[in-house]
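What follows is a single structure, written as structure tokens, with notes after it.
The model shown is predicted, which means the values in this text are computed figures rather than measured ones.
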Amino acid sequence: MRNFKITYLTIFLFCFCGCVKTLTLDELCLKTEEDRMMTVAEWFYCGSKEGFHYFYNSQIGIGSGTYRVNENELKLTKTFPANEERDKWILLSWGSPNPSNRNKIERV
């Protein structure tokens, strides 16, 4: 249980305490494609706040990262307030879109 709490605290700190990299939609697409080529990665939608959509990715054997994309660039059909509760995040089915499959991201 202690490890469980530490994991969520770590995710929270990375997601919402300034360690977030801002990307354009094209950069997000490229990042997900690069991740797919190099490793197995899971991407999550963490919610939206202050004009940005937040995403968290976990790469087996490499680590994790948190990214955000401006809401004006990326129109999502289902949004919710950004939060640190991973069980409320959405595991993204696109996982590894590329710029030519941009619509997959836009229909999250």
Side-chain angles (χ1 to χ4, degrees):
M1 184 67 168
R2 183 170 184 253
N3 288 339
F4 182 74
K5 288 181 181 179
I6 290 171
T7 300
Y8 279 110
L9 178 60
T10 302
I11 291 169
F12 173 76
L13 291 174
F14 278 109
C15 286
F16 305 107
C17 295
C19 302
V20 178
K21 183 171 182 177
T22 302
L23 300 176
T24 65
L25 179 57
D26 288 337
E27 290 170 332
L28 178 66
C29 291
L30 184 60
K31 174 76 177 139
T32 59
E33 182 64 21
E34 289 170 354
D35 289 350
R36 186 185 68 78
M37 297 288 213
M38 301 191 63
T39 185
V40 176
E42 290 183 315
W43 283 85
F44 295 88
Y45 167 65
C46 306
S48 302
K49 74 173 186 175
E50 298 174 358
F52 290 91
H53 299 300
Y54 286 80
F55 300 91
Y56 175 81
N57 91 318
S58 176
Q59 300 174 330
I60 296 173
I62 294 178
S64 60
T66 305
Y67 305 91
R68 68 183 189 172
V69 175
N70 191 295
E71 289 179 345
N72 293 328
E73 271 195 81
L74 178 58
K75 304 298 181 194
L76 302 180
T77 55
K78 296 179 185 178
T79 63
F80 52 86
N83 66 77
E84 69 275 4
E85 298 175 50
R86 189 171 180 160
D87 62 327
K88 293 185 179 179
W89 295 353
I90 297 173
L91 177 61
L92 299 172
S93 60
W94 42 263
S96 58
N98 59 48
S100 64
N101 289 333
R102 205 173 148 150
N103 288 334
K104 287 185 180 180
I105 291 177
E106 294 174 356
R107 286 185 268 145
V108 169

* Mind checking what makes salt bridge (charged side-chain N to carboxylate O under 4.0 Å, His left out) contact with Glu42, not counting sequence neighbours? -> Arg86
* Under the ring-ring contact (aromatic ring centres under 6.0 Å, His included) test, residues paired with Phe52 that sit two or more places apart -> none
* To do: Check salt bridge (charged side-chain N to carboxylate O under 4.0 Å, His left out) between Lys21 and all other residues, then give those that pass, not counting sequence neighbours.
  => none
* To do: For residues Glu85 and Asn83, report the shortest heavy-atom separation together with the two atoms involved.
  => N-OD1, 2.8 Å
* Identify, with sequence neighbours excluded, every residue that meets side chain to side chain contact (heavy atoms under 4.5 Å, CB included) alongside Thr79. => Tyr45, Ser48, His53, Leu76
* Any sub-3.5 Å donor-acceptor pair from Trp89's side-chain atoms to Phe55's backbone N or O? -> no
* To do: Find the distance between CZ (Phe44) and CD1 (Ile90) and round it off to the nearest 0.5 Å.
  => 11.0 Å
* Structure fact -> Here the pair of heavy atoms bringing Phe80 nearest to Cys46 is CE1-O, 3.5 Å
* Flag the pair Trp43 / Tyr67 as yes when their ring centroid distance falls below 6.0 Å, and as no otherwise. => yes
* To do: Verify, without hydrogens or angle tests, whether Glu73 (side chain) and Thr24 (backbone) share a donor-acceptor contact under 3.5 angstrom.
  => no
* Distance-minimising heavy-atom pair for Ser58 and Ser64 -> CA-CB, 4.1 Å
* Considering all heavy atoms, the nearest Leu23-Leu28 contact -> CD1-CA, 3.9 Å
